[in-house]
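Take a look at the structure below.
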Amino acid sequence: MSVDLNLLKDRLGGRSARIAMILGSGLGGLVDEVEDALRIPYGDIPGFPRSGVSGHSGEFVSGRLAGVPVIILSGRIHFYEQGDAAAMRPALEALKALGVEILVLTNAAGSTRQNLSPGSVLLIDDHINYSGLNPLIGETSDARFTGMTEAYDAGLRAHMRAAAEQADVPLPGGVYMWFSGPSFETPAEVRMARLLGADALGMSTVPETILARFLGLKVVAASVVTNYGAGMTGAELSHAETKDVAPQGGAILARILKAALPRF
Ligand code: HPA
């Protein structure tokens, strides 16, 4: 099903943006900083994919951040909700049709590294699609053979690093590994992920990156680390912890993004 674009355009009343952002679990706070915000619940937009996950509010927001016109998707549907890796495709196609050129993806993630602690932010330099899934399965055009050599745009990443320096916050780069979820990893899987070169683990972002590159959007992405990976501490993992801790790193990420957006 595709999004009712006419209705969405009507509701937006001529507003447009080059940059769209998808906010991950517990990171919706950025919406409150949007100037001149027009907020449309996904439920008001026929065909717009809706997440049932707590901590994902489900709003399409148009406005300005740091003076830059943006569209923010607060909340995203995940593969694990319905078993559909392409679940976000209608939303991304709608963004493309609205003139968006740059997609900023954010997520909450687990860390595989002792020196990447909860509360910190990681710039995603590259990813490993460990799920075995792909949102382009079933696509018939030759565009399905999408190049992923520079999935995360080098120029936009440089802007993010410069913005972090300006905001005086650390922004290490690293590799994000997609697990399908919704159960968390085992300690053995976390050790494997570290051995394979993953710095962060999560249940989102990779399918959206693949879809966005397929649609010709540039992508930049960052993780807010909410926990050490399973087995790295004595504690069990939980979604409650993800939602609790995400706003800490989320505030740092918000500072970086506000400094970065005017550079994009
Ligand atoms: N693993 C996968 N996804 C996550 C995690 C994790 O440890 N933390 C937050 N999202």
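Order of appearance sets the numbers: ligands from 1, and atoms from 1 within every ligand.
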(request) Compute the shortest N/O to N/O distance between Asn227 and ligand 1 and return yes if it is under 3.5 Å, no if not. (result) yes
(request) Around atom 3 (N) of ligand 1, find the nearest protein heavy atom and jot down its residue, atom name and distance. (result) Gly202 CA, 3.4 Å
(request) Take every heavy atom of Phe184, measure it against each atom of ligand 1, and state whether any distance is under 4.0 Å. (result) yes
(message) Just to verify, what does Arg39 make a salt bridge (charged side-chain N to carboxylate O under 4.0 Å, His left out) with, not counting sequence neighbours?
(response) Asp32, Glu59
(message) Could you measure the distance from the CD1 atom of Ile210 to the CG atom of Leu215? Nearest 0.5 Å is fine.
(response) 12.0 Å
(message) How far is atom 9 (C) of ligand 1 from the closest protein heavy atom, and which atom is that?
(response) Thr226 OG1, 3.4 Å
(message) Between Glu81 and Gly52 (side chain of the first, backbone of the second, donor and acceptor by atom type, cut-off under 3.5 Å), is there such a pair?
(response) yes
(request) Looking only at protein heavy atoms, identify the closest one to atom 1 (N) of ligand 1 and say how far it is in Å. (result) Glu185 OE1, 2.8 Å
(message) So, 4.0 Å and heavy atoms of Gly229: is ligand 1 close enough to count as a contact?
(response) no
(message) Out of all atoms in ligand 1, which are within 4.0 Å of some heavy atom of Leu237? Include the element for each.
(response) 7 (O)
(request) Tell me which protein heavy atom sits closest to atom 5 (C) of ligand 1, plus the residue, atom name and distance to 0.1 Å. (result) Gly110 N, 3.3 Å
(request) From the options Val245, Leu201, Thr242, select the one whose nearest heavy atom is closest to atom 4 (C) of ligand 1. (result) Leu201
(message) Tell me the contacting part of Ala109 for ligand 1: side chain, backbone, both, or neither, using a 4.0 Å heavy-atom threshold, strictly below.
(response) backbone
(request) Give a yes-or-no answer on whether the side chains of Arg213 and Thr146 include a donor-acceptor pair shorter than 3.5 Å. (result) no
(request) Using salt bridge (charged side-chain N to carboxylate O under 4.0 Å, His left out) as the criterion, list what pairs up with Asp168, not counting sequence neighbours. (result) none
(message) Tell me whether Ser111 contacts the main-chain N or O of Leu116 through its side chain, where contact means a donor paired with an acceptor under 3.5 Å.
(response) yes
(message) Tell me if a side-chain donor or acceptor on Ser51 pairs with a main-chain N or O of Gly75 at a distance below 3.5 Å.
(response) no
(request) Number the atoms of ligand 1 from 1 as they appear, then name those within less than 4.0 Å of a heavy atom of Ala108, with their elements. (result) 9 (C), 10 (N)
(request) Search all heavy atoms of Glu208 against all heavy atoms of Leu103 and return the closest pair with its distance. (result) O-CD2, 4.4 Å
